[in-house]
Amino acid sequence: MPYEDFAPVRRRMADRIARRGIRDARVLDALRTVPREAFVDQNDQTAAYEDRPLPIGEQQTISQPFIVALMLEAAELKPEDHVLEIGAGSGYAAALLGHMVAQVHAVERHESLAKAAEGRIEALGIKNVAIVTADGTWGWPLAAPYNAILVAAAAEEAPQALLDQLAPGGRLIIPIGPEHGPQWLMKYVRRQDGSFSARDLGEVRFVPLISDPTDPPQS
Ligand code: SAH
């Protein structure tokens, strides 16, 4: 089915998310533009605009649209920003980011998911999003620093490498907590003097950020 057929249902999803409190017009515009149905399994396309996670293979899920919107809004994204996403999964959040900012690097530890995400991004003609296969616990030092880093998997604590790779004024949005326990969406901001502020944005549920037992990559 061509993407155009989903445009009205996509707009309704964005309207529902707006009613739930997302105010950032650029986030809502991205939600109205990026075809979420292109990031889910063929058989799930009719469910693509329900506000819930869906399976994408490797026991992973494409995140619930409201939570993605909440993270994008919290990141205070500007058109000129360079953003890192950890946990690219289907590539949907990376595509939303690509619509909103100048440059996106997205890291995914499952090569099969990264390749599929890359294929979707390419097929949609999105040019400013690069997907790489790696353990995102170490960030992506090759392209650092970043104005914002969004993490789509829960960590026990904010990885030091991600805090280090924030530019002054940079925002890290990350779910913190155990795999099966309570998790909180946290926002860290790197102040000009190098210290960090931390704020809790509410309780969430994410798959775990899985650290591979290898040495960090060389920057
Ligand atoms: N943003 C994605 C959501 C994917 S779910 C989307 O829009 O579809 C979270 C993803 O994080 C999963 O694909 C999982 O494989 C990935 N992940 C978990 N630990 C990771 C790590 N250490 N480095 C990179 N990706 C990781």
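Note that the numbering runs from 1 along the sequence shown for the chain. Remember, it's 1-based here, ligands and their atoms both numbered in the order they're listed.
- Considering backbone and side-chain N/O of S211, none are found under 3.5 Å from N/O of ligand 1.
- Residues E156 and I176 come closest through the heavy atom pair O-CG2, 3.4 Å.
- Listed by atom number, the atoms of ligand 1 under 4.0 Å from T61 heavy atoms are 3 (C), 4 (C), 5 (S).
- For a threshold of 3.5 Å applied to N or O pairs, the pair formed by G136 and ligand 1 contains at least one separation below that value.
- Heavy-atom proximity to atom 13 (O) of ligand 1, evaluated over E108, Q59, R36, is greatest for E108.
- Residue contacts with ligand 1, taken as heavy atom pairs separated by less than 4.0 Å, do not involve E58 at all.
- Residue-to-ligand polar distances keep L113 apart from ligand 1: every N/O pair is separated by 3.5 Å or more.
- Within the listing of ligand 1, atoms 15 (O) sit less than 4.0 angstrom from a heavy atom of H110.
- The pair E50-R52 counts as a salt bridge, with a side-chain nitrogen and a carboxylate oxygen less than 4.0 angstrom apart.
- At least one N or O atom of G87 sits closer than 3.5 Å to an N or O atom of ligand 1.
- In terms of N/O distances under 3.5 Å, ligand 1 is not approached by A152.
- Taking only nitrogen or oxygen atoms, main chain and side chain alike, S63 does not reach within less than 3.5 Å of ligand 1.
- Short contacts between ligand 1 and A93, defined as distances under 4.0 Å to a heavy atom of the residue, involve ligand atoms 1 (N), 7 (O).
- The shortest contact between atom 20 (C) of ligand 1 and any protein heavy atom is with R109 CD, 3.3 Å.
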